[in-house]
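Step one of this worksheet: look at the structure below.
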Number of protein chains: 2
Amino acid sequence: MSARAVFRCLVEAGPATRPQIGQTLGLSRPTMSAATAELERLGYIEVVGAVQGALGRKAAQYRVGPGAGHVIAVDAGSTHVRVRVATLDRQLLHSRVHRLSSSHFLMNEEISAAVADEVNAAIHECRADRGPLRAIGIALPTRVVGPDQDHSATRQDILFSHFTPPDGVDIVLENNVNCAAVAERHHGVAKGRETFAYVQIGLKIGMGLILSGQLLRGHNGAAGEIGHLTFPFAPGLVPEPGEVERYMGTEALMGRVRADWPADGGPVPQDAADLVARAEAGEPAASAHIARHADDIGALVAACVAVVDPGLVVLGGGLGAAKPLPERVEAVARRLSYPVEVVSTGLGVDATALGIEKLAVDRALVGLLGEAA
Amino acid sequence: MSARAVFRCLVEAGPATRPQIGQTLGLSRPTMSAATAELERLGYIEVVGAVQGALGRKAAQYRVGPGAGHVIAVDAGSTHVRVRVATLDRQLLHSRVHRLSSSHFLMNEEISAAVADEVNAAIHECRADRGPLRAIGIALPTRVVGPDQDHSATRQDILFSHFTPPDGVDIVLENNVNCAAVAERHHGVAKGRETFAYVQIGLKIGMGLILSGQLLRGHNGAAGEIGHLTFPFAPGLVPEPGEVERYMGTEALMGRVRADWPADGGPVPQDAADLVARAEAGEPAASAHIARHADDIGALVAACVAVVDPGLVVLGGGLGAAKPLPERVEAVARRLSYPVEVVSTGLGVDATALGIEKLAVDRALVGLLGEAA
DNA sequence: GCATATTGTCAGGCAGACGAACAAAAGACC
DNA sequence: GGTCTTTTGTTCGTCTGCCTGACAATATGC
């Protein structure tokens with residue numbers, strides 16, 4: 001039915017009149033009238049006003065209505081839990097940031113409890129305000145596997161020991177790096193791009209792959225786990241699993257910085273943010289370390305480029321926005337492999353939350369409109 | 001129109017009766033009659049007999065008819081040019097192997113001339129035999145880029161200086177490793193698999209990726225070019241482009257074998273096939289080299305697994321079918337990364353030709369049935 | 001007030017598919 | 001052999017989803 005297409009159009013492109021939607025979808029006026037009448041009857045859309053063109057009769061403007069419901073998006077990060085409640089057309093209804101008592105590498109009891117609390121608070125906050133709750137999306141700092149896959153060795157089950165989802169509400173779990181990649185595609189520098197890679201450089205290192213417009217999860221939900229890349233990878237050396245993570249994470253970087261800081265370089269940088277700031281301020285020692293790190297990341301990106309040839313790599317995470325990084329990474333990667341464009345993310349700390357929000361909205365639409373695409 | 005679906009069904013599943021097709025496609029008898037009548041009128045299908053069930057009236061059996069036409073598939077390999085002419089439902093009409101005078105690393109004048117000669121010969125051979133020629137597929141040992149991409153630094157244009165395709169015939173170019181991957185999916189050990197990687201280990205090393213059922217080509221047509229993987233990849237070493245290829249190819253392997261062959265190991269193996277045969281026969285020196293090579297490949301496969309998590313890796317190429325390889329590669333890859341199954345190809349030297357044939361048939365179907373999927 | 005342009009609705013029609021009924025062909029059973 | 005049952009194939013009416021064309025309902029500008 002064309003009503004589905006009309007609703008999708010309103011969700012994605014925002015308020016519009018019947019002639020506008022008919023134009024973009026290639027539908028006739030009678031069909032548009034029937035579709036909007038049906039959607040309005042269901043409460044999924046509502047008239048929001050009338051728009052006057054240059055000439056002629058005013059056109060009624062429609063938008064997603066309260067009956068379409070809303071979603072809750074949660075970014076369960078290592079230092080903060082961020083919650084967003086939004087309508088299907090992404091009007092923010094509620095948002096909260098919960099600071100964790102300490103920084104966590106993995107999904108654990110404290111994060112799970114915080115997520116459960118925040119979701120329950122959000123549910124009560126927005127009750128009956130903008131229609132039914134359709135989906136809850138949670139971005140996790142762990143590998144996420146589907147219901148038919150092997151759950152051993154994952155930590156996503158910890159969450160559900162703290163949290164019972166309401167009946168009839170879809171739950172969407174996704175890895176946080178994958179979520180950031182989705183956000184880059186819909187709101188960030190990769191907008192409209194069909195194929196690209198998002199590389200997160202922070203405490204841990206990870207990658208999210210969007211190929212031909214769809215997120216690559218992989219057979220075990222482990223696609224993009226480049227922290228597990230073979231390393232060292234050279235004749236005569238015995239590789240160890242997970243060494244890239246241990247070598248490229250900010251802790252290892254700061255360890256090298258502390259061990260290698262020149263006596264005349266001033267105080268040793270306290271953390272990665274400090275290092276980046278002083279490199280951007282022009283301090284030679286800090287710049288040298290950032291440059292060296294960029295070269296390492298460039299080699300890593302080159303490996304990913306050789307495997308999937310994404311054409312564009314977006315750098316994110318704590319170090320991803322550092323000024324001199326993209327150019328240097330791009331230079332190294334291009335020397336080692338095929339042409340690739342490397343840019344920094346423009347989305348801030350909200351990237352992951354925006355991405356899981358988009359995924360939750362997509363799931364809600366599937367539930368609302370049936371299986372059809 | 002349902003006629004498209006019926007024709008696709010006959011192309012993919014072979015001869016069938018109307019009730020059978022209606023069953024699989026969920027179409028009613030009247031619809032099936034209309035569809036087959038339309039297709040028969042166009043000459044795309046024909047009645048091939050009548051099938052008697054356990055009881056009741058005989059059912060007419062249909063199959064793809066002469067009017068549907070045929071395709072030419074060419075594997076432009078490094079030592080041979082293989083040609084297959086087949087109907088859309090993959091009945092082999094003609095096949096030829098043209099041995100090249102020497103082994104070539106890249107697309108060059110001799111290969112191009114041989115391809116042009118063989119295609120022209122095949123065109124005249126099958127003229128008016130099984131309807132019009134719909135598409136010509138050519139598997140190339142080079143990176144293949146689309147018409148909208150950057151053609152500099154590719155060698156696919158050499159071909160067209162030797163060869164003018166007939167009017168109205170679609171030309172499909174694809175990298176030979178990607179073709180082998182497609183063949184594994186449709187005829188080989190990865191049959192029915194939606195996501196897997198094919199790794200070719202021979203003179204050169206390369207990978208073809210099938211993700212969610214579709215071939216990943218990448219932004220520059222360079223996806224799977226793991227010969228360009230960053231190498232060496234370890235702290236303090238300066239990586240050089242293309243070193244994996246130079247290290248993992250059979251020439252480098254045999255160089256190490258010759259340099260390192262024990263005095264009491266008998267005559268030095270002449271080539272890779274000899275090395276494999278003697279390893280399978282139990283000779284310790286040969287086994288040790290194959291094992292070492294398997295470990296290297298295992299590290300390489302682990303890198304690919306970390307990036308795309310294919311779940312299944314099919315080994316092919318000159319060394320891919322070597323007996324002890326898959327288990328050893330799997331063991332190394334699993335230790336370094338996520339669970340992955342590693343198996344050897346069951347298709348022989350025809351893998352690439354079968355793959356490009358499938359791609360040519362797909363293109364012919366698009367041309368025949370319109371843009372619809 | 002009237003011409004013109006645009007939106008919105010109504011009626012009719014067309015394409016594609018389905019279900020029900022009926023005709024045709026084959027084996028099963030007496 | 002005759003009849004019954006089962007399956008195939010066709011004819012007919014219908015239904016859904018959409019379009020085209022005509023008409024009514026606004027809006028602007030002279």
Side-chain angles (χ1 to χ4, degrees), chain A residues 1-10 13-65 365 368-373, chain B residues 1-10 13-65 365 368-373:
Chain A
M1 193 128 83
S2 54
R4 297 182 219 275
V6 171
F7 187 65
R8 286 202 111 86
C9 186
L10 281 173
T17 66
R18 275 180 287 206
Q20 288 167 352
I21 303 172
Q23 186 84 16
T24 59
L25 295 179
L27 294 172
S28 69
R29 268 152 296 172
T31 306
M32 281 306 307
S33 286
T36 49
E38 172 74 3
L39 290 169
E40 204 169 1
R41 190 183 60 77
L42 291 168
Y44 291 173
I45 65 173
E46 63 183 2
V47 178
V48 73
V51 174
Q52 181 60 61
L55 208 64
R57 184 172 166 177
K58 277 187 213 156
Q61 192 175 41
Y62 288 87
R63 72 164 184 193
V64 175
L365 285 177
L368 219 56
L369 305 178
E371 310 302 305
Chain B
M1 194 133 77
S2 55
R4 297 182 220 275
V6 171
F7 187 66
R8 286 202 111 85
C9 186
L10 281 172
T17 66
R18 274 180 288 206
Q20 288 168 350
I21 303 172
Q23 186 84 17
T24 59
L25 295 179
L27 294 173
S28 68
R29 273 166 304 241
T31 306
M32 281 305 307
S33 285
T36 49
E38 172 74 3
L39 290 169
E40 206 170 0
R41 191 182 62 75
L42 292 169
Y44 292 173
I45 66 173
E46 62 183 1
V47 177
V48 73
V51 175
Q52 181 60 61
L55 209 64
R57 183 171 167 178
K58 278 188 211 154
Q61 192 175 42
Y62 288 87
R63 74 163 182 191
V64 174
L365 285 177
L368 220 55
L369 305 178
E371 310 301 305

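In what follows, chains carry the letters A, B, and so on, assigned in the order in which the sequence lines appear, proteins first and then strands, with residues in each chain numbered from 1. This one's a predicted model, so the numbers in the text were calculated from it and none came from an experiment.
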Phosphate contact (dA17(C) OP1 or OP2) by T31(B) side-chain N/O below 4.0 Å:
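Result: no.
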Let me check the geometry of the helix from dG1(C)-dC30(D) to dC30(C)-dG1(D). What is the bend angle between the axes at its two ends, five pairs each, to 10°?
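It works out to 10° between the end axes.
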Looking at every strand, decide which applies to G26(B) at a 4.0 Å heavy-atom threshold: base, sugar-phosphate, or nothing.
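Sugar-phosphate contact only - G26(B) comes under 4.0 Å of backbone atoms but never of a base.
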Given atom CE of M32(B) and atom P of dG16(C), what is their separation to the nearest angstrom?
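So the two atoms are 16 Å apart, to the nearest Å.
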How close do [X] and [Y] get, counting heavy atoms only, and between which atoms?
| X | Y | value |
| --- | --- | --- |
| L365(B) | F7(B) | CD2-CE2, 3.5 Å |
| A3(B) | L39(B) | O-CD1, 3.5 Å |
| L369(A) | R8(A) | CD1-NH1, 3.6 Å |
| L27(B) | S2(B) | CD1-CB, 3.8 Å |
| S28(A) | T31(A) | OG-OG1, 3.0 Å |

DNA chain D: G53(A) or L27(A), which has the more 5' nearest nucleotide?
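Counting from the 5' end, the first nearest nucleotide belongs to L27(A).
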Out of curiosity, Y62(A) OH to T36(A) OG1, how far, rounded to the nearest 0.5 Å?
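The OH atom of Y62(A) sits 4.0 Å away from the OG1 atom of T36(A).
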From I21(A) CD1 over to L10(A) CG, what is the distance, rounded to the nearest 0.5 angstrom?
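With rounding to 0.5 Å, CD1 (I21(A)) is 4.0 Å from CG (L10(A)).
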Is a side-chain donor or acceptor of Q52(B) paired with a backbone partner of G56(B) at a separation under 3.5 angstrom?
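Yes.
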What is the per-nucleotide protein-contact pattern of nucleotides 4-17 of chain D, from the 5' end, where B denotes a base atom under 4.0 Å from a protein heavy atom, S denotes such proximity for sugar-phosphate atoms only, and - denotes neither?
--BBBBBB------
